[in-house]
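Every chain is numbered from 1 and lettered A, B, ... according to where its sequence line falls, protein lines coming before strand lines. None of the values given here were measured: they were computed from a predicted structure.
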2 protein chains.
Amino acid sequence: MANIRDVAKAAGVSVATVSRYLNNKGYISDEAKRVIAQAVEELNYQPSMIARSLSTKQSTFIGLIVPDIVNPFFPELARAIEDVALAYGYTVILCNSDEDLEKEINYVKTLQQKYVAGFIVATSHAEAEHYIGLDIPIVAIDRRIHSSIPYIATDNREGARIGTTHLLDSGCTNILCMRGPSGLGPADDRFAGFNDAVKGENIHTHIIECPFQFDVAETMVKKVLAEVSIDGIFASSDVTAAGAMKAAYSAGIHVPSQLQIVGYDGTMLASQLTPGLTTVAQDLYRIGAMAARMLIKLIEGQELTEREVLIPAELLIRQTTRSEA
Amino acid sequence: MANIRDVAKAAGVSVATVSRYLNNKGYISDEAKRVIAQAVEELNYQPSMIARSLSTKQSTFIGLIVPDIVNPFFPELARAIEDVALAYGYTVILCNSDEDLEKEINYVKTLQQKYVAGFIVATSHAEAEHYIGLDIPIVAIDRRIHSSIPYIATDNREGARIGTTHLLDSGCTNILCMRGPSGLGPADDRFAGFNDAVKGENIHTHIIECPFQFDVAETMVKKVLAEVSIDGIFASSDVTAAGAMKAAYSAGIHVPSQLQIVGYDGTMLASQLTPGLTTVAQDLYRIGAMAARMLIKLIEGQELTEREVLIPAELLIRQTTRSEA
DNA sequence: GTTCTATGTGGTACCGGTTACACATAATGA
DNA sequence: TCATTATGTGTAACCGGTACCACATAGAAC
């Protein structure tokens with residue numbers, strides 16, 4: 001592969017001029033532009049990003065840390081981030097942390113060696129201390145890491161309130177709330193939103209704490225259905241809602257006539273279930289895209305207008321609720 | 001951040017010695033090892049991968065090109081690749097091609113500039129010519145790009161045969177085959193497998209060509225159900241099977257008592273549907289892991305024992321088929 | 001005693017860019 | 001007319017590693 005000196009020689013100018021041409025900075029005559037363009041074309045020259053990075057100590061890599069890309073929540077996020085990154089000339093490095101702090105720290109270290117320009121962190125084990133010391137821009141998704149790190153998420157509390165209210169409006173009076181792991185920011189917020197909605201209403205509520213796993217959800221809901229009588233479920237994720245649907249099916253309980261269910265996330269899964277799952281949709285794409293844009297601003301030294309952004313959730317009414325009104 | 005010269009100075013040796021120490025090559029005395037280790041420790045030195053790459057013209061980045069990470073088929077693949085890559089000290093760059101040839105070429109070009117060590121290509125628009133010229137190792141997943149490029153995939157034909165046979169064994173006599181886009185390798189193979197299974201059997205078959213999209217599948221199957229009477233569906237992906245399930249539900253046709261369905265892929269979706277979707281599972285993780293291992297071998301200059309690997313598919317029997325036997 | 005080999009270390013060119021600085025020329029303003 | 005500024009270009013140091021080559025020393029082989 002040709003390098004910048006080859007181009008300079010072919011064009012009959014100095015490497016400095018070629019560099020200026022490539023980066024569009026400083027003065028260059030039209031004539032110089034012409035001959036360099038031609039040389040670039042002829043030699044099929046492509047500048048080495050590695051050499052550029054070494055020299056400028058900057059790169060166009062963005063590290064994306066997620067717990068597990070297999071969790072349907074993250075691909076859409078990743079997709080949005082990748083789209084925006086591409087548009088701005090960055091590429092994204094995928095890291096699965098498995099919620100394992102050590103793995104995460106390790107990744108951060110490795111990527112630093114590779115001069116990543118910044119991180120987008122969408123993980124729950126994020127310990128502030130390992131990030132705030134870094135002199136690399138970071139944006140947090142879904143949960144707050146530290147006040148100094150900008151973050152962007154769905155307004156989970158309000159979203160959960162809306163979802164639960166929909167259950168109430170649809171006539172449910174015996175509601176099971178499948179809350180997510182306590183201590184986990186978004187899960188706590190959603191639970192708070194659930195409580196906001198039911199407070200003062202004359203209904204019965206049952207609370208279980210359930211990890212975001214299909215199998216566990218199915219098992220737990222099966223047990224609940226055998227013990228108490230409920231007519232509505234607010235699940236704090238689509239995956240757990242899917243588990244609940246399966247449990248209801250096994251128990252011979254019809255959805256939505258006997259039991260109504262609302263999920264959370266608005267993933268593909270929700271739309272592909274039968275019956276279609278009513279869910280509180282997060283605008284994952286928007287979150288991802290915005291996070292990427294914020295990070296790139298940070299990387300390029302621009303000021304952020306907002307450091308904390310809450311995106312509203314939207315209720316998608318499908319067939320697991322009756323929405324009489 | 002400290003560099004290798006700082007370390008050399010602190011340890012009272014030359015940079016060459018430090019480099020040898022870091023790369024474990026050449027002769028170094030125990031004493032030198034000791035003082036260098038200490039200096040590295042004290043300065044918290046981490047070698048710059050960028051500088052190393054510039055010098056060696058090698059990197060530890062692997063480019064992963066997929067059509068769309070949102071398609072549930074790919075996250076699992078990506079996960080496996082990432083796991084293996086991590087274990088060998090590589091990091092993976094995620095690229096969504098959207099089946100767009102130009103975007104794909106663009107990515108390849110960009111990543112070349114960034115000195116990626118190799119590519120794993122899991123995309124259908126792969127035009128051989130853009131890859132065979134590259135002097136970078138490539139492994140293809142799911143479809144063959146060119147005879148010179150190693151590839152690894154599920155034995156789709158045999159998988160489809162097994163899935164279809166299961167439908168036959170379960171008593172279906174009127175089967176709809178939802179084949180994938182013709183011209184697309186894996187889709188063609190699966191269709192061939194379907195034909196292998198039904199050939200010579202005394203049953204009726206209906207064929208439709210359906211892209212791997214939920215909505216389209218639902219619409220198409222709705223139409224079929226209104227027109228002809230069938231008791232079994234072989235879908236060539238889980239997503240289209242899910243669409244078919246929804247269509248059946250809308251038409252008031254019960255699965256599996258009136259209509260049995262077999263999907264393909266074995267994604268999470270299949271297990272999370274209600275009723276659970278019987279499906280021909282590809283061992284996505286194994287495919288991904290193997291592809292990553294093959295690529296790394298190639299990168300590191302080792303010989304491959306096999307250049308084409310077919311992984312057997314496995315039938316996962318769940319609740320959309322009756323499997324009387 | 002001389003040659004050979006194994007062990008150990010250092011100097012420095014090189015990878016392919018960027019950029020500070022020096023320098024030249026033309027145009028502008030006082 | 002002379003100083004000043006805008007325009008345009010080249011030289012070379014630098015980013016932080018790698019690795020070739022030269023060179024030293026010590027023990028083994030002949």
Side-chain angles (χ1 to χ4, degrees), chain A residues 1-37 39-40 43-61 89 110-117 135 300, chain B residues 1-37 39-40 43-61 89 109-117 135 300-301:
Chain A
M1 266 248 272
N3 64 30
I4 197 171
R5 281 163 239 266
D6 297 333
V7 174
K9 196 177 298 175
V13 298
S14 73
V15 293
T17 304
V18 177
S19 179
R20 272 182 228 112
Y21 166 82
L22 293 171
N23 296 292
N24 248 325
K25 70 167 56 157
Y27 298 109
I28 308 150
S29 65
D30 290 344
E31 172 59 12
K33 278 182 190 161
R34 201 183 55 71
V35 293
I36 294 173
V40 165
L43 297 171
N44 188 25
Y45 169 69
Q46 301 197 341
S48 155
M49 300 310 267
I50 296 289
R52 183 172 289 173
S53 284
L54 179 61
S55 182
T56 61
K57 288 162 170 299
Q58 284 185 14
S59 87
T60 49
F61 288 114
T110 308
L111 293 191
Q112 255 189 309
Q113 284 183 51
K114 297 190 179 183
Y115 285 1
V116 281
D135 53 350
E300 301 187 343
Chain B
M1 265 246 274
N3 64 31
I4 197 171
R5 280 163 241 267
D6 297 333
V7 174
K9 198 177 298 174
V13 298
S14 73
V15 293
T17 305
V18 178
S19 179
R20 269 182 232 114
Y21 167 80
L22 294 170
N23 297 290
N24 248 325
K25 68 166 63 152
Y27 299 110
I28 309 152
S29 64
D30 290 343
E31 172 60 10
K33 279 183 189 161
R34 202 184 53 72
V35 293
I36 294 172
V40 165
L43 297 171
N44 188 25
Y45 169 70
Q46 301 196 338
S48 156
M49 299 309 267
I50 296 290
R52 183 172 291 174
S53 284
L54 180 60
S55 183
T56 60
K57 287 162 171 301
Q58 284 186 13
S59 86
T60 49
F61 288 113
K109 219 190 271 182
T110 307
L111 294 192
Q112 255 189 309
Q113 284 182 51
K114 298 190 179 183
Y115 285 1
V116 282
D135 53 350
E300 301 187 343

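- One atom, CD1 of A:Ile50, and another, C1' of C:dT18, lie 15 Å apart when rounded to the nearest Å.
- Rounded to whole Å, the distance from CD on B:Gln46 to P on D:dG17 is 11 Å.
- Residue B:Val13 is in sugar-phosphate contact alone, with no base atom involved, counting any heavy-atom pair closer than 4.0 Å across all strands shown.
- For a distance-only test at 3.5 Å, the side chain of B:Arg5 qualifies as a donor-acceptor partner of the base of D:dG16.
- For A:Arg20 against D:dG8, no side-chain N or O and base N or O form a donor-acceptor pair under 3.5 Å.
- Across D:dG17, C:dT19, D:dT9, the shortest atom-to-atom separation from the side chain of B:Ser55 is found for D:dG17.
- A close approach under 4.0 Å does not occur between any side-chain nitrogen or oxygen of A:Lys33 and OP1 or OP2 of D:dG8.
- Between A:Lys25 atom NZ and D:dA6 atom C1' there is a gap of 19 Å when expressed in whole angstrom units.
- Going from atom CG of B:Leu22 over to atom C1' of D:dG16 covers 12 Å, rounded to whole Å.
- A heavy-atom distance below 4.5 Å is not found between the side chains of A:Tyr115 and B:Met49.
- Of all nucleotides listed (C:dG10, C:dG8, D:dT7), C:dG10 comes nearest to the side chain of B:Thr17.
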Requested in this report: For side-chain contact (heavy atoms from CB on, under 4.5 Å), just list the numbers for B:Ser19 and B:Asn23, CA-CA rounded to whole Å, side-chain angles, deciding distance to a tenth of an Å, and then say yes or no.
Outcome: CA-CA 6 Å; B:Ser19 179; B:Asn23 297 290; 3.5 Å; yes
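- As a whole-Å value, the separation of A:Ile4 CD1 from C:dT19 P is 11 Å.
- Base engagement by B:Leu54 is indicated by at least one non-hydrogen atom pair under 4.0 Å involving a base atom.
- Here the side chains of B:Val7 and B:Leu22 are not in contact, with every heavy-atom distance at 4.5 Å or above.
- Note: NZ (B:Lys9) to P (D:dG17) measures 14 Å, nearest angstrom.
- The cationic atom of B:Lys114 (NZ for Lys, CZ for Arg) lies less than 6.0 Å from the six-membered ring centre of A:Phe61 and within 45° of the ring axis.
- With D:dT18, C:dG16, D:dT9 as the candidates, the nucleotide lying closest to the side chain of B:Asn23 is D:dT18.
- For B:Ser14, the listed nucleotide lying nearest its side chain is C:dT9; candidates were D:dG16, C:dT9, D:dG8.
- For B:Ala16, the listed nucleotide lying nearest its side chain is C:dG11; candidates were C:dG11, C:dT18, D:dC15.
- B:Lys109 contributes atom NZ, which lies 12.5 Å from atom CG of B:Leu111 (distance to the nearest 0.5 angstrom).
- A straight line from OH of A:Tyr27 to C1' of D:dG8 spans 9 Å, rounded to a whole angstrom.
- At the phosphate of C:dG16, OP1 or OP2 sits under 4.0 Å from a side-chain N or O atom of B:Lys57.
- With D:dA19, D:dG17, C:dG16 as the choices, the nucleotide that has an atom nearest any side-chain atom of B:Thr56 turns out to be D:dA19.
- We find that OH of A:Tyr21 is positioned 18 Å from P of C:dT19, with the value rounded to whole Å.
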